[in-house]
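Below is one structure; the comments refer to it alone.
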Amino acid sequence: MLLLGLDTATRRVGVVLANEHGLIGRVELGGTADTTAPRHAETLAPAIAWCCERCGVELAQVSAVAVGIGPGMFTGLRVGVTTAKVLAQSLRVPVIPIPSLDLLAYPLRYARRLVVATIDARRHELYWAIYRTVPGGVQRVSEYELGAPDDLVAELEALGEDALVCGDGSLRFAKAFAPLGSRVELAGPAHAAPSLSALVELAQSRFAREDFCVPSEVLPMYLRRSDAELAWDRKAT
Amino acid sequence: MVVSSVRVLAIETSCDETAAAVVDNGRVVRSSVVASQADLHARYGGVVPEIASRAHVELICDVIEQSLVEAGASLEEVDAVAAVRGPGLAGALLVGVSAAKAISIARGLPYVGVHHHEAHLYAAMIEDPELEPPLVTLIVSGGHTLLIAMEDHGRYRVLGETVDDAAGEAFDKVARFLGLGYPGGPAIDRVALDGDPEAIRFPRPMRGEGHDFSFSGLKTAVVQYVRKHPDADVADVAASFQAAAVDVLVEKLVGAAQETGISTVVAGGGVAANSALRERLLDLAVGGDLRVVVPSIALCTDNAAMVGAVAAYRLAADGPTPLEAPVVPNLRLA
Ligand SMILES: [Zn+2]
């Protein structure tokens, strides 16, 4: 089988190709230090085409498209999710949607403490989820959350356990975690973006279980409603 | 100009319609599917960009699928894929463009990024397959008010545009003020049928002053009148406002034709669905020297058939658009 994976939840545009034995190629563009305007819509399709060409495969051979559905940057997510679902529709293959926070946590499954995945939500907020390591993976023990860095810090304080925090959100708000002292460690730039290797591993086991979606059903995980809807609700109450 | 045999799958998501169409040779519409989001935006009294962008992602696959089914065509029988890349709402444009690029790489098809206003111009070419430039076009909608001289395929001159509100924006604002709901164009059109267009003499802004338009003063005049005359008949107010707006639009279009010496005039955009404007435009053709083309309402409001039409010409003239090309929310014409 040939799997195409995409993740565009952060500033990083990620494309990965894998067969049943593992990764055969990947392209990553942009990163936490990239301060130019996001260019997901310009780079994603050429990156996919280039990656296929360099790996000597054709999109027509792809058996499923995996995609990180966020939460994260709205425009990035819309480019990634739209590309994944329309590609899959055109190729007549299924989509395997995976939350991008899960892709951050999975590579830290050997950490032997709580793993906290974060993504910068801008407006001085974070998306996050908390995971417990289990044999062979991680198990999510919180909802997918949106809140201020201090909300997460309070949550970790209450849990009172050692934790490893990863993702670009933790880099951006590193100072906010200082009050937790040595109980909490930040995973650093190597774990800033959702892992493409994790996308392949998680998607392949789901593909094997035939746990996938028809393309039209797949949507970004936003967590944050639009300002217009929020304002409307405030007015209504 | 006749474009050689080419079947285009076209996508339009620049504002609040998710649309896809299959068009042959730039003139023959095999299918045209439009999913309107008007209901989602109605309570906000206008298009909310974030809500529009989210809805496009939800609807895009089904709209594309339906356009192929209605055309009786499979993707294997499509020669090129097109999408509007501007002007429009950035987050909304991204969805259609990403979809078109995805199809392009999946099926190895050329991608064509299209200008939304240019697409409106080509709606008339679908309506009248014999139509050729030169022509003068009036494009009026909630987002744009433009007078464009099309000298040839791909050669345009913007003669005039609004200096403040778009014409459709004025309809929306007046409709909201009169409590007629959203979208305002159809609401005013409906109510005006029972009113007297000469009951109130509203101003005709910038009449006789070149090719530019202004609508915010007209809107203000309506507001002031109703405040001063709270018992005024809503139908009369709507009809009189509509008459003033239509007068200006038609006079400016005729003026542009006279000045350029171009004898074919064309209208497009959502406001060109207005019955009073359509009637006045068609009257121009009777006994006059002007040839008038007013596309069907489905071709005037935003749709993807017009995108498929212009894409065939752009592909023939310029070749494919690079996949690296960005969306451009304020893209200029020519
Ligand atoms: Zn339009």
Side-chain angles (χ1 to χ4, degrees), chain A residues 4 6 8 15 37-53 58-60 62 65 67 69 73-93 95 213-220 222 224-232 235-236, chain B residues 9 11 13 18 20 40-41 43-66 68 74-76 78 81 83 85 89-109 111 113 321-328:
Chain A
L4 170 69
L6 313 174
T8 55
V15 176
R39 292 184 305 272
H40 299 74
E42 291 132 77
T43 53
L44 182 59
I48 296 168
W50 188 83
C51 196
C52 287
E53 195 195 317
E58 306 231 347
L59 279 172
V62 163
V65 181
V67 62
I69 54 166
M73 193 191 298
F74 291 170
T75 57
L77 284 180
R78 280 195 275 270
V79 170
V81 170
T82 301
T83 302
K85 62 198 272 183
V86 176
L87 258 178
Q89 180 184 30
S90 306
L91 299 168
R92 300 187 182 91
V93 299
V95 178
C213 299
V214 297
S216 62
E217 287 173 354
V218 178
L219 294 176
Y222 292 107
R224 181 188 273 150
R225 296 166 68 212
S226 72
D227 289 342
E229 288 168 293
L230 293 172
W232 181 268
K235 215 167 68 182
Chain B
L9 170 61
I11 299 169
T13 62
T18 315
L40 294 178
H41 302 283
R43 67 174 177 177
Y44 305 107
V47 176
V48 180
E50 179 60 26
I51 292 175
S53 305
R54 292 185 183 196
H56 287 311
V57 182
E58 283 178 38
L59 295 166
I60 191 76
C61 282
D62 292 340
V63 167
I64 291 171
E65 182 66 29
Q66 203 186 330
L68 289 166
S74 70
L75 263 184
E76 286 77 5
V78 167
V81 57
R85 61 182 286 254
L89 304 169
L93 290 166
L94 284 171
V95 177
V97 164
S98 296
K101 289 178 178 178
I103 296 168
S104 164
I105 58 173
R107 312 297 319 185
L109 299 175
Y111 157 70
T321 306
L323 290 175
E324 292 80 3
V327 305
V328 184

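A, B, ... follow the sequence lines: proteins, then strands. Residue 1 opens every chain. All values below were derived from every heavy atom in this structure, side-chain atoms included, with hydrogens, water molecules and symmetry-related copies excluded.
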**Fill in**
Correct closest heavy-atom pair for B:Ala102 and A:Leu87 would be O-CD2, 3.5 Å

**Message:** Please classify the contact between A:Glu217 and chain B as side chain, backbone, both or neither, with a heavy-atom cut-off of under 4.5 Å.
**Reply:** neither

**Fill in**
Among A:Arg39, A:Glu58, A:Arg225, the residue with the most heavy-atom pairs under 4.5 Å to chain B is A:Arg225

**Interchain contact, A:Val81 with chain B, by part (heavy-atom threshold 4.5 Å)** = side chain

**Message:** If you compare all heavy atoms of A:Ala41 against all heavy atoms of B:Lys101, which two are closest, and at what distance to 0.1 Å?
**Reply:** O-NZ, 2.9 Å

**Asked** Using non-hydrogen atoms only, which part of A:Arg224 is less than 4.5 Å away from chain B: side chain, backbone, both, or neither?
**Response** backbone

**Message:** One thing to verify: whether A:Lys85 and B:Glu65 come together as a salt bridge, which I'm taking to mean a side-chain N less than 4.0 angstrom from a carboxylate O.
**Reply:** no

**Item:** Engaged part of B:Ala99 at the chain A interface, taking heavy atoms whose separation is under 4.5 Å
**Value:** both

**Item:** B:Val57, part contacting chain A, at a heavy-atom distance under 4.5 Å
**Value:** both

**Fill in**
Nearest heavy-atom contact between A:Pro46 and B:Glu324 is CB-OE2, 3.7 Å

**Request:** Report the distance from atom OG of A:Ser90 to atom CD1 of B:Ile64, rounding to the nearest 0.5 Å.
**Result:** 7.0 Å

**Fill in**
Assert top hit (heavy-atom pairs under 4.5 Å, partner chain A, pool B:Arg107, B:Arg43, B:Glu58) equals B:Arg43

**Prompt:** Taking atom CD of A:Glu229 and atom CZ of B:Arg54, what is their separation to the nearest 0.5 Å?
**Reply:** 6.5 Å

**Asked** Of the backbone (N, CA, C, O) and the side chain (C-beta and beyond), which part of A:Thr43 lies under 4.5 Å from a heavy atom of chain B, both, or neither?
**Response** neither

**Asked** Going from CD1 on B:Ile105 to CG on A:Leu59, what distance comes out if it is rounded to the nearest 0.5 angstrom?
**Response** 5.5 Å

**Item:** Spacing of CD1 belonging to B:Ile60 relative to CD belonging to A:Gln89, to within rounding of 0.5 Å
**Value:** 8.5 Å

**Reported NE2-to-CG distance for the pair A:His40 and B:Leu94, which is rounded to 0.5 angstrom** = 10.0 Å

**Asked** How far apart are the closest heavy atoms of A:Thr82 and B:Val95, and which atoms are they?
**Response** CG2-O, 3.4 Å

